[in-house]
Amino acid sequence: MKIYNTLTRKKEEFIPIEQGKVRMYVCGPTVYNYIHIGNARPMVVFDTVRRYMEHKGYEVNYVSNFTDVDDKIIKKSVEEGVDSSVISERYIEECKKDMEGLNVRPATTHPKATEEIGGMLDMINTLIEKGHAYTGADGTVYFRTRSFKDYGKLSHKNIDDLQGGNRSLLVSGEEQKEDPLDFVLWKPKKEGEPYWESPWCDGRPGWHIECSVMSKKYLGEEIDIHAGGEDLIFPHHENEVAQSEAANGKIFSRYWMHNAFLSIDNKKMSKSAGNFFTVREIAEKYDLQAVRFFLLSAHYRSPLNFSEELMEAAKNGYDRIVTSVGNLKYLMENVSAETINEREEELLKEAASFTDKFDAAMEEDFNTADAIAVIFELVKFANQNASASNSKGFLKALSDEIILLSDICGLIVEREEQMLDSDIEKLIEERQAARKNKDFARADEIRNELLQKGIILEDTREGVKWKRA
RNA sequence: GGCGCCAUGGCCAAGUGGUAAGGCAAAGGUCUGCAACACCUCUAUCACCAGUUCAAAUCUGGUUGGCGCCUCCA
């Protein structure tokens, strides 16, 4: 299994710290609103990484935080006149609903920043003791960036270039800083803001320290994989590395994975530009499974554009897989032979090669675009080779293979058995009778009526099938 | 200014040295009362220029065009 490591800028063979186990941390969202489609990309991508690893037998300890103390949350709480925890709790719950729709499995642990303050105070204290941090006159605690000799190793930035680039910040104040590169570990409260007591001042943690502490608490000082959006590489992850390695004296994370950005209509998503979609909005129009399919249709390190047109194409592609599985299931229920015959056995051998091809794609830094292409090849193979003359065992083997590969991608392709109410069944029967009598006008009338109710009818060689729109 | 990424058929997207996967869309056909599904057929020499090589979309240099980070951000 190979992983592209941001740290080395190379694809590397994945070797876990502890055999058979994976310690993985994914930076989660700040909960001040519904999550947007851009937030969904890392959730889906890294959930897929996790699923594949578990499929390969790894035990994955998957930790993803909720940042529930932040300027934006506070701003919203002021606007609504409620406590900031009301805001964060609300959007954590909403986020979980969206994740469920996207079939993103809950993490092993979902820590919240506000519940980990003690650990943050400890780490900040350690950093001060080791000379990596200092306190300003107002009680703000800063990380002494230049005290960490490897600063810049993750984002591959030269510390002196950074200073040059940030020259404008020098004049913007913050005279308490020893160096403009230093960043905040703990900041004093402002009136009306949530705060915690600390040896330095009543206040709250800086953003970066949160992840360092939560990662350490739930996964240990040294972890296998740390992941997130590519925009987090600098400064967030760079600062995490500095804090954690300076405090713990150990390599923080061996592999760093970053997903590329998702744009909307070829423009960067931004609220001011108005090209901003929440997962909730999209769910009104599309099945979130199609959204997941869409997000996996490109490699996670390639930029991906989101648009109505592209979403429509993704929906159609996803439906093709669902239809195929539905057809196999239908055949299975209407076939008499149970056991697989010789000819079928040969075909199944051929079908098994698709699974090998699928694995090969995933082994190469989780090439989901290729993996999905393999699922389509398998779907085509099934469509070509499955018919009413096959045995149940053969049809089930094909169906199971498609379902399994899709499931590794977190795609649900098996439509749940739904009961039709008796009125609808009566209409379908009436339509069949009308067709028999060649009363096609009445037959079409009924079909349209059902379509209004969201039931799509298809007349196949084997009989009438229906599905929900 | 610094660091980095990308440019493949109408659209999306794999492929990183041996003569271009897959999906969507369009077209023709089979099936069908019609429609839908499915199946069959059909669409590229890989931005441009130069070079390395027996061989390049794939390596090197350059040109043009797009994008990201350096500031809260998935």
Side-chain angles (χ1 to χ4, degrees), chain A residues 6 9 11 26-30 32 35-46 67 70-72 152 155-158 160-169 172 207 227-236 238 258-263 266-271 293-294 297-305 307 309-321 323-324 326-327 330 357 361 364 367-380 382-387 434-436 438-441 443-444 447-448 451 456-462 465-467:
Chain A
T6 305
R9 288 183 173 167
K11 257 189 215 175
V26 180
C27 282
T30 301
Y32 64 101
I35 58 165
H36 57 250
I37 181 71
N39 289 305
R41 168 116 101 148
M43 287 179 182
V44 165
V45 161
F46 298 119
T67 297
D70 163 270
D71 287 342
K72 280 175 288 212
S155 55
H156 302 94
K157 289 181 185 307
N158 181 305
D160 295 312
D161 290 341
L162 276 174
Q163 198 166 20
N166 283 351
R167 192 163 299 151
S168 58
L169 291 183
S172 69
W207 176 37
E230 67 177 357
D231 55 320
L232 296 181
I233 296 171
F234 190 90
H236 186 53
E238 191 67 64
H258 296 279
N259 64 277
F261 254 61
L262 183 130
S263 56
N266 287 311
K267 286 188 195 116
K268 186 178 170 175
M269 193 184 324
S270 78
K271 281 191 168 169
F293 174 90
F294 167 76
S297 67
H299 186 95
Y300 75 92
R301 282 187 288 111
S302 299
L304 182 61
N305 188 233
S307 73
E309 192 191 348
L310 265 16
M311 206 41 239
E312 202 62 45
K315 174 188 174 297
N316 291 339
Y318 166 68
D319 280 347
R320 182 174 158 82
I321 303 171
T323 301
S324 179
N327 285 157
Y330 184 89
K357 209 173 161 188
E364 277 297 316
N367 193 333
T368 55
D370 252 352
I372 285 175
V374 176
I375 294 177
F376 277 113
E377 288 178 47
L378 176 59
V379 162
K380 183 155 202 162
N383 288 341
Q384 284 171 327
N385 293 103
S387 75
R435 289 181 71 210
K436 212 168 187 176
K438 301 212 184 290
D439 181 0
F440 299 122
D444 289 349
R447 185 164 61 190
N448 284 331
L451 186 61
I456 297 170
L457 293 186
E458 290 177 358
D459 303 319
T460 70
R461 276 165 223 135
E462 294 86 18
K465 284 193 230 168
W466 64 274
K467 64 181 182 185

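By convention in this document, chain letters (A, B, ...) are assigned in the order of the sequence lines, proteins followed by strands, and residues within each chain are numbered from 1.
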Visitor: Run through RNA chain B and report every stem of 3 or more consecutive Watson-Crick or G-U pairs, distances under 3.5 Å, ordered by first number.
Guide: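 Listed by first number, the stems are B:1-7 with B:64-70, B:10-12 with B:22-24, B:27-30 with B:38-41, B:47-51 with B:59-63.
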Visitor: Quick test of the criterion, 5.5 Å between centres and less than 30° between planes. Is A:F440 stacked on B:rG33 or not?
Guide: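 A:F440 ring centre within cut-off of B:rG33 base, planes near parallel; stacks.
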Visitor: B:rA74 C1' sits how many Å from A:R41 CZ, rounded?
Guide: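 Nearest whole value for this atom pair: 10 Å.
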Visitor: Give me the distance, rounded to whole Å, that separates B:rG66 from B:rC31 when you measure between the C1' atoms they each carry.
Guide: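 Straight-line distance between the two C1' atoms is 46 Å.
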Visitor: Give the rounded distance in Å between these two atoms: NZ of A:K11 and C1' of B:rG15.
Guide: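 These atoms are roughly 10 Å apart.
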Visitor: Specify the separation, in whole Å, of atom CG of A:N383 and atom C1' of B:rC40.
Guide: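 In whole Å, B:rC40 C1' lies 13 Å from A:N383 CG.
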Visitor: Under 4.0 angstrom, heavy atoms only, what part of the nucleic acid is A:D459 near: base, sugar-phosphate, or nothing?
Guide: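 Base contact.
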Visitor: Pick the P atom in B:rU58 and in B:rU16, then give their distance to the nearest Å.
Guide: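 About 12 Å, rounded to a whole number of Å.
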Visitor: Keeping the roles fixed (side chain from A:E238, backbone from A:S155), state whether a donor-acceptor pair exists under 3.5 Å.
Guide: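 Here the side-chain-to-backbone pair exists.
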Visitor: Pick the closest RNA chain B nucleotide for A:K357 and for A:G28 by heavy atoms, then say which residue is nearer the 5' end.
Guide: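 Its nearest nucleotide being more 5', the pick is A:K357.
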Visitor: Are any non-hydrogen side-chain atoms of A:I233 and A:T6 less than 4.5 angstrom apart?
Guide: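 In contact.
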Visitor: Could you state the CG-C1' distance from A:N327 to B:rC37, rounded to the nearest angstrom?
Guide: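 In whole Å, B:rC37 C1' lies 7 Å from A:N327 CG.
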Visitor: Name the nucleic acid region contacted by A:K315, choosing base, sugar-phosphate or nothing; use a 4.0 angstrom heavy-atom cut-off, strictly under.
Guide: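 Nothing: the residue A:K315, judged by heavy atoms under 4.0 Å, touches no strand.
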Visitor: By the 4.0 Å heavy-atom rule, please label A:I372 as base, sugar-phosphate, or nothing.
Guide: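 Nothing: the residue A:I372, judged by heavy atoms under 4.0 Å, touches no strand.
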Visitor: Between protein and nucleotides 3-14 of chain B, map the contacts as a letter string: B base, S sugar-phosphate only, - none, heavy atoms under 4.0 Å, written 5' to 3'.
Guide: SS------SSSS
Visitor: Without decimals, in angstroms, what is the distance between A:E230 CD and B:rG68 C1'?
Guide: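 Distance, rounded to whole Å: 6 Å.
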Visitor: Taking the side chain as every heavy atom from C-beta outward, state whether A:M43 and A:I35 have any atom pair closer than 4.5 Å.
Guide: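 Yes, side chains in contact.
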Visitor: Whole angstroms only, please: what is the NZ-C1' distance between A:K268 and B:rG66?
Guide: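 To the nearest whole Å, that distance equals 16 Å.
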Visitor: Could you measure the distance from the CZ atom of A:R41 to the CZ atom of A:F294? Nearest 0.5 Å is fine.
Guide: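 Output value for this atom pair is 8.0 Å.
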Visitor: Closer than 4.0 angstrom, basic N to acidic O: yes or no for A:K467 and A:E458?
Guide: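 A salt bridge is present here (some side-chain N lies under 4.0 Å from a carboxylate O).
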Visitor: Ion pair present between A:K357 and A:D370, side-chain N to carboxylate O less than 4.0 angstrom?
Guide: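 So A:K357 does not pair with A:D370 through a salt bridge.
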Visitor: Take atom CG of A:D444 and atom C1' of B:rU32, then tell me their distance rounded to the nearest Å.
Guide: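 Rounded to the whole Å, the gap is 13 Å.
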Visitor: When you compare B:rA56 with B:rG22, how far apart are their P atoms, in angstrom units rounded to a whole number?
Guide: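 Their P atoms lie roughly 24 Å apart.
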Visitor: Taking the same atom, C1', in B:rG2 and in B:rU71, what whole-Å distance lies between them?
Guide: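 It works out to 15 Å between them.
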Visitor: Contact class for A:E312 vs. all strands (heavy atom < 4.0 Å): base, sugar-phosphate, or nothing?
Guide: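 Here A:E312 touches no strand at all.
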Visitor: Reckon A:R320 touches a base, only the sugar-phosphate, or nothing at all at heavy-atom distances under 4.0 Å?
Guide: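 Answer is sugar-phosphate: A:R320 comes under 4.0 Å of backbone atoms only.
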Visitor: Base, sugar-phosphate, or nothing: which does A:I456 touch, judged by heavy atoms less than 4.0 Å apart?
Guide: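 The answer is nothing, as A:I456 stays clear of every strand by at least 4.0 Å.
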Visitor: Within the 3.5 Å criterion, strictly below it, is a donor on A:H258 or A:R301 matched to an acceptor on the partner's side chain?
Guide: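 No.
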Visitor: With a 4.0 Å limit, can you tell me whether A:N158 has a side-chain N or O closer than that to the phosphate oxygens OP1/OP2 of B:rG2?
Guide: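 No, A:N158 has no side-chain N/O under 4.0 Å of OP1/OP2 on B:rG2.
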Visitor: What's the gap between B:rA47 and B:rA57 when it is taken at their P atoms, as a whole Å value?
Guide: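 These two P atoms come out 10 Å apart once rounded.
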Visitor: Using a 3.5 Å distance criterion without hydrogens, assess whether the side chain of A:S302 forms a donor-acceptor pair with backbone atoms of A:A298.
Guide: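 No, because the side chain of A:S302 does not come within donor-acceptor range (under 3.5 Å) of the backbone of A:A298.
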Visitor: Does the side chain of A:K268 come within less than 4.5 Å of A:S263's, by heavy atoms?
Guide: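 A side-chain contact under 4.5 Å is absent here.
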Visitor: Is A:R435 paired with A:D439 through a side-chain N to carboxylate O contact shorter than 4.0 Å?
Guide: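 Salt bridge flag = no for A:R435 with A:D439.
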Visitor: Would you measure the distance from the P atom in B:rA26 across to the matching atom in B:rC37 and give it in whole Å?
Guide: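 My reading of the P atoms in B:rA26 and B:rC37 gives 10 Å.
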Visitor: Is it true that A:N383 and A:S324 share a donor-acceptor pair across their side chains at a distance under 3.5 Å?
Guide: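 Side chains of A:S324 and A:N383: pair found under 3.5 Å.
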Visitor: Reckon A:G38 touches a base, only the sugar-phosphate, or nothing at all at heavy-atom distances under 4.0 Å?
Guide: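 The residue A:G38 makes base contact.
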Visitor: Write down the distance between CD (A:Q384) and C1' (B:rC37), rounded to a whole number of angstrom.
Guide: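 Interatomic distance, CD of A:Q384 to C1' of B:rC37: 15 Å.
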Visitor: Among B:rC24, B:rA21, B:rA74, find the nucleotide with the atom closest to the side chain of A:E377.
Guide: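 Within the option list, the nearest is B:rA21.
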Visitor: Answer with base, sugar-phosphate or nothing: what part of the nucleic acid does A:E458 contact at a heavy-atom distance below 4.0 Å?
Guide: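 Since a base atom lies under 4.0 Å of A:E458, the category is base.
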Visitor: With P as the reference atom in both, quote the distance from B:rA7 to B:rC48 in angstrom, rounded to an integer.
Guide: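 These two P atoms come out 13 Å apart once rounded.
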Visitor: For A:A371, does its backbone N or O pair with a side-chain atom of A:T368 as donor and acceptor, under 3.5 Å?
Guide: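 Side chain of A:T368 to backbone of A:A371, a donor-acceptor pair under 3.5 Å: no, none is there.
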Visitor: Can you tell me, in whole Å, how much space there is between the P of B:rC3 and that of B:rU8?
Guide: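 Rounded to whole Å, the distance is 26 Å.
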Visitor: Which part of the nucleic acid, if any, lies within contact of A:F261, taking any heavy atom under 4.0 Å across all strands shown: a base, the sugar-phosphate backbone alone, or nothing?
Guide: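 Since a base atom lies under 4.0 Å of A:F261, the category is base.
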